[in-house]
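What follows is a short report on a single structure.
Here is how names work: the chains are called A, B, and so on, in the same order as the sequence lines, proteins then strands, and each is numbered from 1.
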Amino acid sequence: TQLLEQSPQFLSIQEGENLTVYCNSSSVFSSLQWYRQEPGEGPVLLVTVVTGGEVKKLKRLTFQFGDARKDSSLHITAAQPGDTGLYLCAGGTGNQFYFGTGTSLTVIP
Amino acid sequence: DSGVTQTPKHLITATGQRVTLRCSPRSGDLSVYWYQQSLDQGLQFLIQYYNGEERAKGNILERFSAQQFPDLHSELNLSSLELGDSALYFCASSVARGPADIQYFGAGTRLSVL
């Protein structure tokens, strides 16, 4: 059983479309992070959200932390082929760190 | 380039064998984390060291052990290898001790157990 469940697991869209990836848990996290991982590389941190209800924007990416700090979403506007990769949410509780199940995104030119 | 160096990049070995994976953290980072990534389990936290001391333990098997040396590099030892240990092993480092601190990941070591 994974502490952080992501949906969808796979997503294939056309360039220019919008998409949302969800990260859900029954546990409360002090903060949530989003990473992107490309084949053959380690995950790279995109953003950290720490306050319930917080919204952060990074160019075409919008991240939201749920009010109860149990869930988060990542919205990408006008997706580009360069957005292709594995998106992972991650959260710490106590001294443990958990990664989500991952969403594999393919943006078709 | 994250600044975290992992060696070797690829490792092929047989069941029952023992291997050592090495990680050099970013300059100035005191924490080192080890993760295992497989298709069925995703990215799993194994263990964290902070300034030479074990700080947190995740889903690490008893056949696996790790240590962090005075120069802050770390090694992950995997013994009595099984087919199911085949995976990508990542090392990450951060400045501070909290797991939610920004972690910088290496490129990983791909272990194949035949």
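Criterion: ILVMFWY side-chain heavy atoms under 4.5 Å apart, direct or through other members. Under it, B/L88 and B/F105 are part of a common hydrophobic cluster. By the criterion of side-chain heavy atoms lying less than 4.5 angstrom apart, applied directly or through intervening Ile, Leu, Val, Met, Phe, Trp or Tyr residues, B/L43 is grouped together with B/I102 in one hydrophobic cluster. Under the 4.5 Å side-chain heavy-atom criterion for ILVMFWY residues, a single connected hydrophobic cluster contains both B/W34 and B/L81. Taking hydrophobic clusters as Ile, Leu, Val, Met, Phe, Trp and Tyr residues chained together by side-chain heavy-atom distances below 4.5 Å, B/V95 does not share a cluster with B/V4. Both B/Y35 and A/Y35 belong to a single network of hydrophobic side chains, linked directly or stepwise wherever heavy atoms of I, L, V, M, F, W or Y lie under 4.5 Å apart.
Using a 4.5 Å cut-off between heavy atoms, B/Q6 makes no contact with chain A at all. Interface remark: A/L32 contributes no atoms to any contact with chain B (heavy atom separation under 4.5 Å).
Taking 4.5 Å as the heavy-atom cut-off, the residues of residues 36-45 of chain A that approach chain B are A/Q37, A/G40, A/E41, A/G42, A/P43, A/L45, ordered by number.
More than 12 heavy atoms of other residues, nucleotides or ligands lie within 6.0 Å of CG in B/L114, so this atom counts as buried by the packing criterion. Atom CG of B/L61 sits in a crowded spot, with more than 12 heavy atoms from other residues, nucleotides or ligands closer than 6.0 Å.
The minimum heavy-atom distance between B/Q37 and A/L86, with the atom names listed, is NE2-CD2, 3.9 Å.
Here the CD atom belonging to B/Q48 is positioned 10.0 Å from the CZ atom belonging to A/F97, to the nearest 0.5 angstrom.
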